[in-house]
Amino acid sequence: MKKIVIAIDGFSSSGKSTMAKDLAKEIGYTYIDTGAMYRAVTLYCMRNKLIKDGGIDEKALQESLSDIRLTFQLNKDTGRPDTYLNGVNVEKEIRSMEVAGWVSAVAALGFVRRELVAKQQEMGKAKGIVMDGRDIGTVVFPGAELKIFVTASPEVRAERRVEELIAKGEKASYEEVLENVKKRDYIDSTRKESPLRQAGDALALDNSYMSIPDQKKWLLEQYYRVVNA
Ligand code: DC
């Protein structure tokens, strides 16, 4: 069967990662979470004091980019890839509220995007990948054979995020999470560099009231429609 590139873009906490991971597992593709890459760069900034006095030290970050090594390794327990920053598993740390509070600002920097987009293009060059993010269908793989744009209301997404954080044993207030979701939507879709937008040839999916099995079924149908065409 021919191998393709599947680009899944959408708003934060729209459930796109769950969809993308499940699909990749089902069809034997590699899953790449590009949001995790921006989060890991943000964590690096925090740990190395490149975020201070309420701002990012852009010059220092630009000089440090070559010291940031991002890799993924399959976690045998979850069956999903974990993110590694310079050889250390940071999967849990990159999902914290603190990282969430800064990641959109880091992801808005042109030199960060250029570096990570080049890495993502390299990772997907052999095809057989499901990549999720904000600009996969528009910038990273504009020629992807299957593009999905996922949306859900901010309130539904905030509820999902709160459940996720609580399940991980973290404290989370619905109001605080909703505010973060809306703030990130705003920054992600209005930034100058590769703003979040639906590619002209992407299929839109509003999953506000869709179950995970229904989403999975819909996505598999789209995949088979493309590979069997
Ligand atoms: O999908 P996520 O919530 O883990 O993404 C974290 C942040 O990274 C989000 O605010 C937008 C940004 N991002 C991006 O700008 N481009 C991508 N391809 C993926 C994520």
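Both counts, for ligands and for their atoms, begin at 1 and track the order of listing. What you see is a predicted model, and the numbers here were worked out from it, not measured in a lab.
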For [atom], the protein heavy atom that lies nearest, with its residue and separation:
atom                    : result
atom 10 (O) of ligand 1 : Ser104 OG, 2.8 Å
atom 20 (C) of ligand 1 : Gly35 CA, 3.5 Å
atom 16 (N) of ligand 1 : Arg113 NH2, 3.0 Å
atom 9 (C) of ligand 1  : Arg134 NH2, 3.3 Å

Find all atoms of ligand 1 within a distance of less than 4.0 Å from any non-hydrogen atom belonging to [X], and give their numbers and elements.
X      : value
Asp188 : 9 (C), 10 (O), 11 (C)
Lys16  : 1 (O)
Arg184 : 3 (O), 6 (C), 9 (C), 10 (O)
Ala107 : 12 (C), 15 (O)
Tyr38  : 8 (O), 13 (N), 14 (C), 16 (N), 17 (C), 18 (N), 19 (C), 20 (C)
Thr34  : 17 (C), 18 (N), 19 (C)

Quiz item: Got a sec, which pairs hit salt bridge (Lys or Arg N to Asp or Glu O under 4.0 Å) with one end in residues 184-211, sequence neighbours left out?
Solution: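 Listed once each, the pairs are Arg134-Asp188, Lys147-Asp201, Arg157-Asp185, Asp188-Arg191.
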
Exercise. Would you mind checking if Lys119 and Glu122 are paired as a salt bridge, meaning a charged N to carboxylate O distance below 4.0 Å?
Key: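 So Glu122 does not pair with Lys119 through a salt bridge.
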
Quiz item: Are Arg95 and Glu170 close enough for a salt bridge, meaning some N to O gap below 4.0 Å?
Solution: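 Salt bridge: no.
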
Quiz item: Arg191: heavy atom below 4.0 Å from ligand 1, yes or no?
Solution: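 A heavy atom of Arg191 does come that close to ligand 1.
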
Exercise. Decide side chain to side chain contact (heavy atoms under 4.5 Å, CB included) for Lys182 and Tyr186; before the verdict, give the C-alpha distance in whole Å, the side-chain angles of both, and the deciding distance to 0.1 Å.
Key: CA-CA 6 Å; Lys182 286 185 176 168; Tyr186 179 78; over 6 Å; no

Quiz item: Does a side-chain heavy-atom distance below 4.5 Å link Val5 with Ile136?
Solution: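 Side-chain contact under 4.5 Å: no.
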
Quiz item: Where on Arg39 is there a heavy atom closer than 4.0 Å to ligand 1, on the side chain, on the backbone, on both, or on neither?
Solution: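 The answer is the side chain of Arg39.
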
Quiz item: Heavy-atom contacts under 4.0 Å between Gln120 and ligand 1: side chain, backbone, both, or neither?
Solution: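 Neither part.
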
Exercise. For Lys183, look at atom NZ and say whether over 12 heavy atoms of other residues, nucleotides or ligands are found less than 6.0 Å away.
Key: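 No - once you tally the heavy atoms of other residues, nucleotides and ligands closer than 6.0 Å, there are 12 at most.
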
Practice problem: Quick one: list whatever passes side chain to side chain contact (heavy atoms under 4.5 Å, CB included) with Val227, sequence neighbours left out. | Solution: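 Once residues adjacent in sequence are excluded, the partners of Val227 under the side chain to side chain contact (heavy atoms under 4.5 Å, CB included) criterion are Met1, Lys2, Ile4, Tyr223, Tyr224.
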
Self-check item: Given Asn75, Asp33, Asp22, the one that forms side-chain hydrogen bond (donor to acceptor under 3.5 Å, both in side chains) with Arg80
Solution: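 Result for side-chain hydrogen bond (donor to acceptor under 3.5 Å, both in side chains) with Arg80: Asp22.
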
Quiz item: Would you say Asp132 has any N or O atom under 3.5 Å from an N or O of ligand 1, going by distance alone?
Solution: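 Looking only at distances, the answer is no, because the N/O contact criterion of under 3.5 Å is not met.
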
Self-check item: From CA spacing to verdict: side chain to side chain contact (heavy atoms under 4.5 Å, CB included), Thr34, Val140
Solution: CA-CA 10 Å; Thr34 61; Val140 185; 5.9 Å; no

